[in-house]
Amino acid sequence: MNLMKEDESCVQAMLFASAHMFPLVLNAAIELNLFEIMAEAGNDAYVSPSEIASRLPTRNPNAASLVDRMLRLLASHSLLSFTLRTLEDGGSVERLYGLTPTARFFLKRDDGSGLVSMVANTRDRAIWEVCLNMKDAVLEDGNHFERVNGMNMYEYMEKNPTLNKTFNKAMVGRSSATMKKIVEIYKGFEGLTSLVDVGGGTGSCLNLIVSKYPSIKGINFDLPHVVQTAPTYPGIEHVEGSMLVSIPRADAIMMKDVLHNWDDEHCLKILNNCYQALSEKGKVIVIELLMPEAPEPSMGSQYATRVDNAMIMLLGGKERTAIEFKALCKRSGFSDFRVVCYVYGCLSSVMEFHK
């Protein structure tokens, strides 16, 4: 190994060791509304740390300098754009920052879309306790979240309204980012008269579909403590129940980011219930990450493996490859498996299981 390679390897190792700082700074920037302040300056505007600090409810004389240091980190990861301005003294340089298209996903929106709530969800103490003890998930058998908190995550959220609320908001934010694209490009909702969204949360995804296809009778199906917080939508009925017991009948059933929460045994039980609930020519629309077979260093692969490891800690499920989904499809009695389309690379793939 030559010196340059050795230097690069050392720096990369240092970056991995300090990787926790990025989400901490991103969370603080969101809580301080730094992105909102920048957005208010205009679409292509660059804003100085002192301008941003002047909008904060603080008397800290060092606020502008601290904001600059936070935004500098985010810009070094290309989340923000920047430009340099030489000050009148001729010897000092001021950094000005702007929002990239990626940063705009972290703006707070009235409809709950975007990824702000996804960042906020990771702050819950119960989740942190689970994450800090991840090694025990390897060393000991069983549900890791339950071992740390005394009950599984679904039971915990039922008893903890705060986590239940932040988790549901995070799911709305994440789902909205992909579901709008899916409704644009996926044609499999055409011609349906009824659609059940299994594990549909508060109904936001189903609302996007029914708004475009008003002839569809939408049934939003989820656990009681989830459905009870759901708003009213035209053309949608909220139904309480458990997918592990039975599922309402319909032409088609949609499951978005549901199967990755469960091990294969539970997935087969859910899919068998879907099979029983479908009409003769019915189908299940499965929307999930597709895990690449090889651990390639692409953004999509990195994100998929991050979510996969979150499943280890939180729910005991896993992300799956197309081959693994095809095996679940066949084992649960369906005759045909199709990967129909992709959204944002591999962030969401739309698959169909045909009866």
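Along the sequence shown, residues carry numbers from 1.
Using a 4.0 Å cut-off between a side-chain N of Lys or Arg and a carboxylate O of Asp or Glu, R55 and E40 qualify as a salt bridge.
Few gaps surround OH on Y213; more than 12 heavy atoms of other groups in view lie less than 6.0 Å from it. Other residues, nucleotides and ligands contribute only 12 or fewer heavy atoms inside 6.0 Å of the NZ atom of K159. For R104, the CZ atom is densely surrounded, since the number of other residues' heavy atoms within 6.0 Å is greater than 12. Residue-environment remark: CZ (R147) exceeds the threshold of 12 foreign heavy atoms within 6.0 Å. In the displayed structure, M299 atom CE is contacted under 6.0 Å by at most 12 heavy atoms of other residues, nucleotides or ligands. Other residues, nucleotides and ligands contribute over 12 non-hydrogen atoms within 6.0 Å of the CG atom of L87.
In plain terms, the two heavy atoms of P224 and E240 that are nearest each other are CB-OE1, 3.7 Å. In this structure, P248 and A277 approach most closely via the heavy-atom pair O-CB, 3.6 Å. When all heavy atoms are compared, the tightest approach of I236 to G203 is CD1-O, 4.2 Å.
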Indicate every side-chain donor-acceptor pair of residues 43-52 with a distance under 3.5 Å to a residue at least two apart or in another chain.
unit_1, atom_1, unit_2, atom_2, d
Y46, OH, S81, OG, 3.4
S48, OG, S50, OG, 3.0
S48, OG, E51, N, 3.1
S48, OG, E51, OE1, 3.0
E51, OE1, S48, N, 3.0

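Using a 4.5 Å cut-off on side-chain heavy atoms (C-beta onward), M255 and C274 make contact.
Residues M291 and Y342 do not share a hydrophobic cluster, clusters being chains of Ile/Leu/Val/Met/Phe/Trp/Tyr side chains in contact below 4.5 Å. Follow the hydrophobic side-chain contacts under 4.5 Å out from L56 and you never reach L96; the two are in separate clusters. If you chain together hydrophobic residues whose side chains sit under 4.5 Å apart, L66 and M70 never meet in one group. Residues L278 and L268 share a hydrophobic cluster, clusters being chains of Ile/Leu/Val/Met/Phe/Trp/Tyr side chains in contact below 4.5 Å. Note on W128 and L314: separate hydrophobic clusters, where clusters join Ile, Leu, Val, Met, Phe, Trp and Tyr whose side-chain heavy atoms are under 4.5 Å apart, directly or indirectly.
For the residue pair D251/T193, the side-chain donor-acceptor check at 3.5 Å is satisfied. E352 and Y186 are linked by a side-chain donor-acceptor pair at a separation below 3.5 angstrom, with hydrogens and angles left out of the test.
With hydrogens and angles ignored, the 3.5 Å screen pairs a side-chain donor or acceptor of S18 with a backbone N or O of M14. Proximity of a side-chain donor or acceptor of N164 to a complementary backbone N or O of N160 within less than 3.5 Å is not detected. Between the K326 side chain and the T321 main chain, no donor and acceptor come within less than 3.5 Å of each other. No side-chain donor-acceptor contact under 3.5 Å links H266 to the backbone of D263. N33 places no side-chain N or O within 3.5 Å of a backbone atom of E36 that could act as its donor or acceptor partner. No side-chain donor-acceptor contact under 3.5 Å links E288 to the backbone of S349. Looking at T229, its side chain does come within 3.5 Å of a backbone N or O of V226 through a donor-acceptor pair. Not one N or O on the side chain of S65 forms a donor-acceptor pair closer than 3.5 Å with the backbone of N62. Proximity of a side-chain donor or acceptor of K318 to a complementary backbone N or O of M311 within less than 3.5 Å is not detected. Judged purely by atom type and a 3.5 angstrom limit, Q276 has no side-chain atom pairing as donor or acceptor with the backbone of N273.
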If you apply the rule side-chain hydrogen bond (donor to acceptor under 3.5 Å, both in side chains), what do you find for N220 with Y233, and how did you get there? CA-CA 10 Å; N220 181 53; Y233 293 111; over 6 Å; no
Could you go through R320 and D264, starting from their C-alpha distance and side-chain angles, then the distance that decides it, and tell me whether this counts as side-chain contact (heavy atoms from CB on, under 4.5 Å)? CA-CA 10 Å; R320 293 175 173 86; D264 286 355; 2.8 Å; yes
For the pair S348 and K181, evaluate side-chain hydrogen bond (donor to acceptor under 3.5 Å, both in side chains) and give the outcome as yes or no after the intermediate values. CA-CA 10 Å; S348 276; K181 285 281 187 182; over 6 Å; no
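The aromatic rings of F35 and F106 sit tilted relative to each other, their planes meeting at an angle between 30° and 60°. Between H77 and F22, the ring-plane angle classifies as tilted under the 30° and 60° cut-offs.
Separation of the H354 and F334 ring centroids does not fall under the 6.0 Å cut-off.
For K330 and F337, the positive end is not near the middle of the six-membered ring at less than 6.0 Å and at most 45° from its axis.
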